[in-house]
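Quick notes on the structure that follows.
Just so we're on the same page: letters track the sequence lines, and every chain starts at 1.
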Amino acid sequence: MKYWLMKSEPYAYSITDLEREGVTMWDGIRNYEARNFMRDRMTPGDRALFYHSNVKPPCIVGEMEVCSEPYPDPYQFDPESKYFDESSSQSDPRWILVDLKYVRTFPHSVSRDELKEDSLLKDMVLFTRNRLSITPVTKEEYERVLELANVT
DNA sequence: GCCAACGTTGGC
DNA sequence: GCCAACGTTGGC
């Protein structure tokens, strides 16, 4: 099992939305490195931290689980969508995503500052890779986040 | 709201 | 293939 951190702006899609819906397509990723993680590295059963970005304070709010094989993001083919990509084709789709399933909302959200101040978490890829919206997390980091989140 | 970081685009 | 211009992300 592998571990990930995935960012979303909560006014676009939040952990509350995911709790209500149960499962979501992680659509709209238009960065090749983030796409490659979903396409080449994620497998069903992987765990992911849900990170609320662009809010005060930015923080990890919960946990989800990869629950599909990779497949094409349908919005790349939809001319009405902001994620439409005219240079992508059905036969050779450019943008690939996975489904994520709700696991839980943390009793305590772990803020970016708390992560930064923790000796085990201060070197997370989150901090070394500016703006990358999907980043790998080590097992040790993941378990430490659960501790800070008061998950028993 | 500002702006630094940084990925992408396109002219040459 | 270089790199300036441009657009986006996302912390502050």
Side-chain angles (χ1 to χ4, degrees), chain A residues 2-21 24-42 46-66 70-138 140-142 144-151:
Chain A
K2 297 178 296 302
Y3 301 90
W4 307 93
L5 181 146
M6 303 176 80
K7 299 179 187 174
S8 178
E9 302 184 350
Y11 35 87
Y13 196 83
S14 73
I15 188 90
T16 310
D17 297 320
L18 182 59
E19 180 176 19
R20 186 179 60 247
E21 296 178 358
T24 192
M25 286 193 302
W26 206 260
D27 58 74
I29 298 299
R30 294 295 179 268
N31 170 280
Y32 289 111
E33 200 169 357
R35 176 205 66 182
N36 292 349
F37 285 139
M38 292 198 287
R39 187 186 65 182
D40 305 333
R41 302 272 312 279
M42 285 190 188
D46 284 2
R47 290 294 177 113
L49 300 167
F50 196 134
Y51 180 96
H52 280 178
S53 65
N54 231 330
V55 286
K56 293 175 182 175
C59 53
I60 297 172
V61 293
E63 217 185 338
M64 19 186 207
E65 184 181 316
V66 176
Y71 64 98
D73 182 336
Y75 295 110
Q76 71 195 302
F77 306 124
D78 176 4
E80 304 297 309
S81 169
K82 66 182 281 202
Y83 297 118
F84 178 61
D85 184 346
E86 63 176 2
S87 58
S88 184
S89 66
Q90 296 275 356
S91 57
D92 184 22
R94 178 173 298 184
W95 304 109
I96 303 294
L97 52 68
V98 295
D99 290 344
L100 275 301
K101 171 171 84 179
Y102 178 81
V103 173
R104 66 178 135 200
T105 303
F106 291 148
H108 169 74
S109 294
V110 184
S111 72
R112 184 178 179 89
D113 283 345
E114 287 175 84
L115 300 171
K116 231 187 278 185
E117 287 160 10
D118 188 88
S119 59
L120 190 70
L121 298 173
K122 63 180 172 43
D123 299 318
M124 289 177 79
V125 180
L126 171 68
F127 297 117
T128 56
R129 294 302 316 281
N130 201 310
R131 300 191 303 141
L132 186 58
S133 66
I134 300 178
T135 52
V137 172
T138 68
E140 292 71 24
E141 289 166 347
Y142 199 92
R144 179 62 180 147
V145 169
L146 295 186
E147 279 179 23
L148 295 180
N150 294 335
V151 173

Could you check Arg131(A) against Arg94(A) and say which one's nearest nucleotide on DNA chain B is further toward the 5' end? Arg131(A)
Take the protein atom CG of Leu5(A) and the nucleotide atom C1' of dG10(C), then report the distance between them rounded to whole Å. 13 Å
Phosphate-side-chain proximity, Lys82(A) and dG7(C), N/O vs OP1/OP2 below 4.0 Å: no
Checking contacts here: which listed nucleotide (dT8(B), dG10(C), dC12(C)) is nearest the side-chain heavy atoms of Asp113(A)? dC12(C)
Per the end-axis method with five pairs at each terminus, what is the bend angle of the helix from dG1(B)-dC12(C) to dC12(B)-dG1(C), to 10°? 10°
Find the distance Glu33(A):CD to dC6(B):C1' and express it as a whole number of Å. 12 Å
Taking only side-chain nitrogens and oxygens of Arg129(A), does any of them come within less than 4.0 Å of OP1 or OP2 of dG7(B)? yes
Check whether any side-chain N or O of Tyr13(A) sits under 3.5 Å from a backbone N or O of Thr16(A) as a donor-acceptor pair, and report yes or no. no
Less than 4.0 Å between a side-chain N and a carboxylate O, is that true for Arg94(A) and Asp73(A)? no
With a 4.0 Å limit, can you tell me whether Arg30(A) has a side-chain N or O closer than that to the phosphate oxygens OP1/OP2 of dT9(C)? no
From CG of Asn31(A) across to P of dT9(C) the rounded distance in Å is 10 Å
Treating Lys122(A) as the side-chain partner and Leu115(A) as the backbone partner, does any N or O pair qualify as donor plus acceptor under 3.5 Å? no
Spacing between Arg112(A) atom CZ and dC12(C) atom C1', to the nearest angstrom: 10 Å
Quickly work out the Lys56(A) NZ to dC2(B) C1' distance and round it to whole Å. 11 Å
dG11(C) OP1/OP2 closer than 4.0 Å to side-chain N/O of Tyr51(A): yes
Quiz question: by atom type and distance under 3.5 Å, do the side chains of Glu63(A) and Tyr142(A) form a donor-acceptor pair? yes
Rounded to whole Å, how long is the line connecting atom CG of Leu132(A) with atom P of dG10(C)? 8 Å
Among Ile60(A), Val103(A), Ile15(A), Leu100(A), find the residue that satisfies the side chain to side chain contact (heavy atoms under 4.5 Å, CB included) test when tested with Phe50(A). Ile15(A)
Rounded to the nearest Å, what distance is computed from the CD1 atom of residue Ile134(A) to the C1' atom of nucleotide dG10(C)? 16 Å
When rounded to whole Å, the CD to C1' distance for the pair Glu9(A) and dG11(C) reads 11 Å
Give a yes or no on whether a salt bridge exists between Arg129(A) and Glu33(A), defined as a side-chain N under 4.0 angstrom from a carboxylate O. yes
Does Asn54(A) reach a base, just sugar-phosphate, or nothing at all? Heavy atoms under 4.0 Å. base
Taking only side-chain N and O atoms of Lys7(A), does any of them lie within less than 4.0 angstrom of OP1 or OP2 on dG10(C)? yes
Could you walk me through whether Arg144(A) and Glu141(A) pass the salt bridge (Lys or Arg N to Asp or Glu O under 4.0 Å) test, one step at a time? CA-CA 5 Å; Arg144(A) 179 62 180 147; Glu141(A) 289 166 347; over 6 Å; no
